[in-house]
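Below: one structure, written as structure tokens.
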Number of protein chains: 4
Amino acid sequence: MFFHIDSSNGLPIYEQVVRQVKFAVAAGVLKPAEMVPSVREVARELALNPNTVARAYRELQAEGVLQPVRGTGLQVAADAAQRCRRQRRDLIQQRLGQVLREARQSRLDGDELRQLVEAELKSLEREEAKP
Amino acid sequence: MFFHIDSSNGLPIYEQVVRQVKFAVAAGVLKPAEMVPSVREVARELALNPNTVARAYRELQAEGVLQPVRGTGLQVAADAAQRCRRQRRDLIQQRLGQVLREARQSRLDGDELRQLVEAELKSLEREEAKP
Amino acid sequence: MFFHIDSSNGLPIYEQVVRQVKFAVAAGVLKPAEMVPSVREVARELALNPNTVARAYRELQAEGVLQPVRGTGLQVAADAAQRCRRQRRDLIQQRLGQVLREARQSRLDGDELRQLVEAELKSLEREEAKP
Amino acid sequence: MFFHIDSSNGLPIYEQVVRQVKFAVAAGVLKPAEMVPSVREVARELALNPNTVARAYRELQAEGVLQPVRGTGLQVAADAAQRCRRQRRDLIQQRLGQVLREARQSRLDGDELRQLVEAELKSLEREEAKP
DNA sequence: GTGGTCTAGACCACC
DNA sequence: GTGGTCTAGACCACG
């Protein structure tokens, strides 16, 4: 299974499931037309309430990432990959904008911000390099 | 008055008040030893329930930003300014880290991220220039 | 249930709840990862307003003694026991210091104080022995 | 003047005034039949609201420590000294009892408590020795 | 006038 | 079911 839940990092659990499915689709781990594991299976595997998983799948259907196959389950939609990639990018851009806006309000100037960003990127790259 | 409530952007009202007080202190708009407007005054001005404002003020006391003057009101603590500035900076750094981490997970590489940051900063600077 | 409220010995009710939870944790009656009784349950049992109990629980969260499990309730934090024991001890030491300081100001000398302490301890031990 | 106010150590200001008068009487700094400084004078000297000082004096009259002299002011009552000494001692005994009781509830045994008391007394004596 | 506590009851998101 | 937020209104101690 490609999910893992960080029970209480503040994000609702169903939202974590939604994001991880989208991420798996965007990254090609879940391919178009592939069947997604059943609500019960996911719930058992992650020790979640089935309602919670069902809600996540419901949202993914509403957004067109998953689509029902009668009597069988849910499959990844044909155009889901590009949709998810675009969503992901927009989300990041929007959140980045928010953070930077707040930062400006607190009197950090552009260069200080660039330095902070550089420092964080470097530290992330180090994290990814070894572990 | 230096507050304004954006009811509702998702953030609880009391939390918006907390942040705006901290910001005002960090920016020097509220100086140490200065009295903060009374619970009732803020409540009237912003059309809030006094309890909501009181809760915000209570949290600010718990964090040592405000301190009571018996029978008189609440005062900005002597060391509040530096405390608020540091908090603000830590908050931004942490949130920036989160966003960048998510961005990396979605396969954006460092250079794309730098470009995004640049674009956002430019757009913010334009916003601040004229409006 | 392990709470009881002494309405009213001057201490706010929410504070009494806070202390009793901390005490139960320090004494091992409430163990890490155990769920604490729900706000509504405590409120019903003690005939309090749920808001009052909620406030107590909120403070306990802020201090890291309790942590939320989404949609399920509140749980004793992993490191809460040691934290509560240390707090308790510090509190007692501080209050003891206060009383002794006042006693000195009122011209009681060290030996008189020792006698007083002995007398009180003996009387407490008698209380604990039988009833 | 023999008072000093520790504005916001938590104790109400009027109560601090009451205690300091009682202490001065118990210690013989204020002698029976001596006139006490007027409300206005104390208020000016300590930068307090006259209402606050008046309230303190009212309580001291109610307890028989001060008594009015028509058209002149307030004087220390004849039997005030012994009364204040006894009160002071009872107060300390009662508070000591409280602290020790709480300490026992938190599982500290008698010997640990005696050690704590010793340590605090030693530290107080050191404080008094030099400064 | 100030803040602090408490009650009552409504509505929300989450599981 | 859970906790969280908010409103409304009462009462208290303090200055």
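All chains are named by letter (A, B, ...) in the order of the sequence lines, taking the proteins before the strands, and each is independently numbered beginning at 1.
If you check every strand for non-hydrogen atoms under 4.0 Å, C:Ser38 touches sugar and phosphate atoms only. Nucleic acid contact class of D:Leu48 (heavy atoms, under 4.0 Å, all strands): none. When heavy atoms are screened at a 4.0 angstrom cut-off, B:Arg40 is found touching base atoms of the nucleic acid. Note on C:Thr52: a base of the nucleic acid sits closer than 4.0 angstrom, heavy atoms only.
A salt bridge is defined here as a Lys NZ or Arg NE, NH1 or NH2 lying under 4.0 Å from an Asp or Glu carboxylate O, and A:Glu63 with A:Arg83 fails to meet this definition.
We find that CG of C:Leu66 is positioned 15 Å from P of F:dT2, with the value rounded to whole Å. If you take CD of B:Glu41 and C1' of E:dG3, they are 14 Å apart, rounded to a whole angstrom. Rounded to whole Å, the distance from CG on B:Leu11 to P on F:dG4 is 16 Å. The nearest whole Å value for the distance from the CE atom in C:Met35 to the C1' atom in F:dG1 is 11 Å. Between the CD atom of A:Glu15 and the P atom of E:dC15 there is a distance of 10 Å, rounded to whole Å. Between B:Gln67 atom CD and E:dG4 atom C1' there is a gap of 17 Å when expressed in whole angstrom units. Atom CZ in C:Arg70 sits roughly 19 Å away from atom P in F:dG1 (whole-Å rounding). Per the geometry, CD1 belonging to A:Ile5 stands 14 Å off C1' belonging to E:dC14, to the nearest Å.
Among the nucleotides E:dG3, E:dC15, F:dA8, the one closest to any side-chain atom of B:Asn49 is F:dA8. For C:Ile13, counting side-chain heavy atoms from C-beta on, the closest listed nucleotide (E:dG3, F:dC6, E:dC6) is E:dC6.
Here the side chain of C:Glu34 pairs a donor or acceptor atom with the backbone of C:Lys31 at under 3.5 angstrom.
In terms of heavy-atom proximity, B:Leu74 sits nearest to B:Pro68 at CD2-CA, 3.6 Å. Nearest heavy-atom pair across B:Asp6 and B:Gln16 is N-OE1, 3.0 Å. Closest of all the heavy-atom pairs between A:Leu11 and C:Arg70 is C-NH1, 4.0 Å.
Between B:Ala47 and C:Leu74, it is C:Leu74 whose nearest contact on DNA chain F lies nearer the 5' terminus. Checking B:Arg58 against B:Gly73, the closest nucleotide of DNA chain E that is more toward the 5' end is the one next to B:Gly73.
A donor-acceptor contact under 3.5 angstrom links the side-chain atoms of B:Asn51 to the base of F:dG9.
Taking only side-chain nitrogens and oxygens, A:Arg55 never comes nearer than 4.0 Å to OP1 or OP2 of E:dC15. Contact annotation: B:Thr72 side-chain N/O to E:dT2 OP1/OP2 distance is not under 4.0 Å. Side-chain nitrogen and oxygen atoms of D:Tyr14 include none within less than 4.0 Å of the OP1 or OP2 phosphate oxygen of F:dG15. In this structure, B:Gln61 does not reach the E:dG3 phosphate: none of its side-chain N or O atoms is under 4.0 Å from OP1 or OP2.
To the nearest 0.5 angstrom, A:Gln87 atom CD is 4.0 Å from A:Lys22 atom NZ.
Of the nucleotides present, F:dG1 is the one that pairs with E:dC14 by Watson-Crick or G-U wobble criteria, both distances under 3.5 Å.
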